2 protein chains.
Amino acid sequence: MAEALEAAERLCARRGARLTEIRRRVLELVWRSHQPVGAYTILERLGRERGRVAPPTVYRALDFLIAHGLVHRIASLNAYIGCAHPDRDHIGQFLVCSGCGSAAELDDRRIDRAIRSGAEAAGFAVERPVIELAGRCPNCRERGRDART
Amino acid sequence: MAEALEAAERLCARRGARLTEIRRRVLELVWRSHQPVGAYTILERLGRERGRVAPPTVYRALDFLIAHGLVHRIASLNAYIGCAHPDRDHIGQFLVCSGCGSAAELDDRRIDRAIRSGAEAAGFAVERPVIELAGRCPNCRERGRDART
DNA sequence: CCATGCAATGTTATAGTGTAACATCCGCGA
DNA sequence: TCGCGGATGTTACACTATAACATTGCATGG
């Protein structure tokens with residue numbers, strides 16, 4: 001995670017983007033949570049450090065981070081998660097465990113190809129695929145755990 | 001669409017599920033919109049016919065329709081769309097056009113296989129895939145239209 | 001050094017999406 | 001008829017996100 005922050009610093013420096021205090025802090029909070037985290041959770045945690053913080057502050061930071069590929073949004077959860085490799089042009093495929101609530105990024109080229117070719121066969125040009133696979137992670141599978149407690 | 005409604009009737013009859021007046025009406029409204037439609041839009045339209053209608057009425061009908069595969073939810077749009085073939089076990093892959101706002105269902109087996117095998121390779125068991133491909137439909141591609149007006 | 005212009009942040013209010021909790025109704029079988 | 005369960009009505013609220021405008025702060029050229 002410290003690594004992810006450094007990578008973010010480097011990436012922003014290279015692009016001339018400003019990783020300000022707030023943006024950095026939000027990125028850190030996103031990473032610190034080992035699960036996808038909601039904007040209002042970030043809001044609350046950020047508020048603990050800086051007194052009253054309003055929603056736009058958090059959403060603006062998230063917009064910036066997403067625009068630079070440092071964070072992904074998971075639409076089916078209304079939640080945000082750090083991107084493990086913001087350098088490459090990431091597609092973002094997610095494995096979302098309904099047992100423990102964790103999410104892992106997949107980025108499988110075969111899936112990407114299958115999607116693009118399937119869509120192309122219908123004459124459709126994919127621009128922003130949303131791939132979010134709800135299911136069971138290896139841990140929860142083994143334990144036969146029920147839905148997230 | 002009339003066809004879709006009949007198919008829904010049959011399917012519910014076969015399952016002993018009750019396609020009540022409200023549920024039927026909501027399904028009709030979902031189909032009538034040729035784009036994915038928001039719950040509050042349905043709410044408003046339903047309200048025009050029946051006087052005041054509260055959100056839970058619509059959400060409960062949608063929950064029922066989704067549970068029976070008659071309607072899909074598109075998470076990236078917070079919107080709902082009728083399912084063209086509720087009989088088969090549908091996976092639900094959607095092509096969402098950012099030009100005209102329309103959405104088409106794909107259901108490509110190759111995509112489904114790629115996803116399941118990719119996830120399985122990570123030890124993950126997919127239960128409810130969310131596949132929503134934002135891009136350009138053939139029409140909007142041709143016209144080079146800008147984002148939905 | 002100051003002006004000034006632009007990006008970032010602060011602030012207030014509100015829009016949009018979804019659910020909890022409890023009351024009521026209605027049909028059906030014991 | 002009574003009671004039961006599923007469906008609907010009703011109220012209130014939680015959660016997610018953005019619009020609109022004010023303010024700050026910093027780089028940059030005059």
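Here the structure is a predicted model, which means the values were calculated and not measured. Values below: every heavy atom of this structure, side chains too, minus hydrogens, waters and symmetry copies. Below, chain A is the first sequence line, B the second, and so on; all start at residue 1.
Put simply, B:Arg73 has a side-chain N or O that comes within less than 4.0 Å of OP1 or OP2 on C:dG18. In this model, the phosphate group of C:dT9 is approached by a side-chain N or O of A:Arg23 to a distance below 4.0 Å at OP1 or OP2. Using a 4.0 Å cut-off, no side-chain N or O of A:Thr20 falls inside it from OP1 or OP2 of C:dA8. Residue B:Thr57 has a polar side-chain atom (N or O) positioned under 4.0 Å from OP1 or OP2 of D:dG9. Considering only side-chain N and O atoms, A:Asn78 lies under 4.0 angstrom from the phosphate OP1 or OP2 of D:dA17. Side-chain N/O atoms of B:Tyr59 include none lying less than 4.0 angstrom from OP1 or OP2 on C:dT19.
For B:Pro55 and A:Glu21, each mapped to the nucleotide of DNA chain C holding its nearest heavy atom, the one lying further toward the 5' end belongs to A:Glu21.
Per the geometry, CD1 belonging to A:Ile42 stands 11 Å off P belonging to D:dT16, to the nearest Å. Taking atom CD on B:Glu49 and atom C1' on D:dT8, their separation rounds to 16 Å, with Å as the unit. As a whole-Å value, the separation of B:Arg50 CZ from D:dT10 C1' is 15 Å. Taking atom CD on B:Glu44 and atom P on C:dT17, their separation rounds to 12 Å, with Å as the unit. The separation between A:Leu19 atom CG and C:dA7 atom C1' is 15 Å, rounded to whole Å. Look at CG on B:Asp63: it is 10 Å from C1' on C:dT19, rounded to the nearest Å. Separating the NE2 atom of A:His68 from the P atom of C:dA7 is a distance of 13 Å, rounded to the nearest angstrom. Rounding to whole angstrom units, CZ of residue A:Arg25 and C1' of C:dT9 are separated by 17 Å.
At a cut-off of 3.5 angstrom, the base of C:dG18 holds no donor-acceptor pair with the side chain of B:Arg60.
When heavy atoms are screened at a 4.0 angstrom cut-off, A:Arg52 is found touching base atoms of the nucleic acid. If you check every strand for non-hydrogen atoms under 4.0 Å, B:Tyr80 touches sugar and phosphate atoms only.
The aromatic ring of B:Tyr40 sits over the base of C:dT17, with ring centres less than 5.5 Å apart and planes tilted by under 30°.
Set against C:dT11, D:dT10, D:dA7, the side chain of B:Ala54 has D:dT10 as its closest nucleotide.
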Verdict with supporting geometry, B:Ser102 and B:Gln35, side-chain hydrogen bond (donor to acceptor under 3.5 Å, both in side chains): CA-CA 5 Å; B:Ser102 69; B:Gln35 301 183 352; over 6 Å; no
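Salt bridge A:Glu120/B:Arg141: present, at least one basic N to carboxylate O contact under 4.0 Å.
The environment of CD in A:Glu49 is crowded: more than 12 heavy-atom neighbours from other residues, nucleotides or ligands sit within 6.0 Å.
Side-chain heavy-atom separations under 4.5 angstrom define the hydrophobic clusters, and the remaining members of the one that includes B:Leu133 are A:Leu95, A:Leu106, A:Ile111, A:Ile115, A:Phe124, A:Val126, A:Ile131, A:Leu133, B:Leu95, B:Leu106, B:Ile111, B:Ile115, B:Phe124, B:Val126, B:Ile131.
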Please table the atom pairs, donor to acceptor, closer than 3.5 Å between any side-chain atom in residues 10-23 of chain A and protein atoms at least two apart or in another chain.
unit_1, atom_1, unit_2, atom_2, d
A:Arg15, NH1, A:His68, ND1, 3.1
A:Thr20, OG1, A:Arg23, N, 3.4
A:Arg23, NH1, A:Arg18, O, 2.7

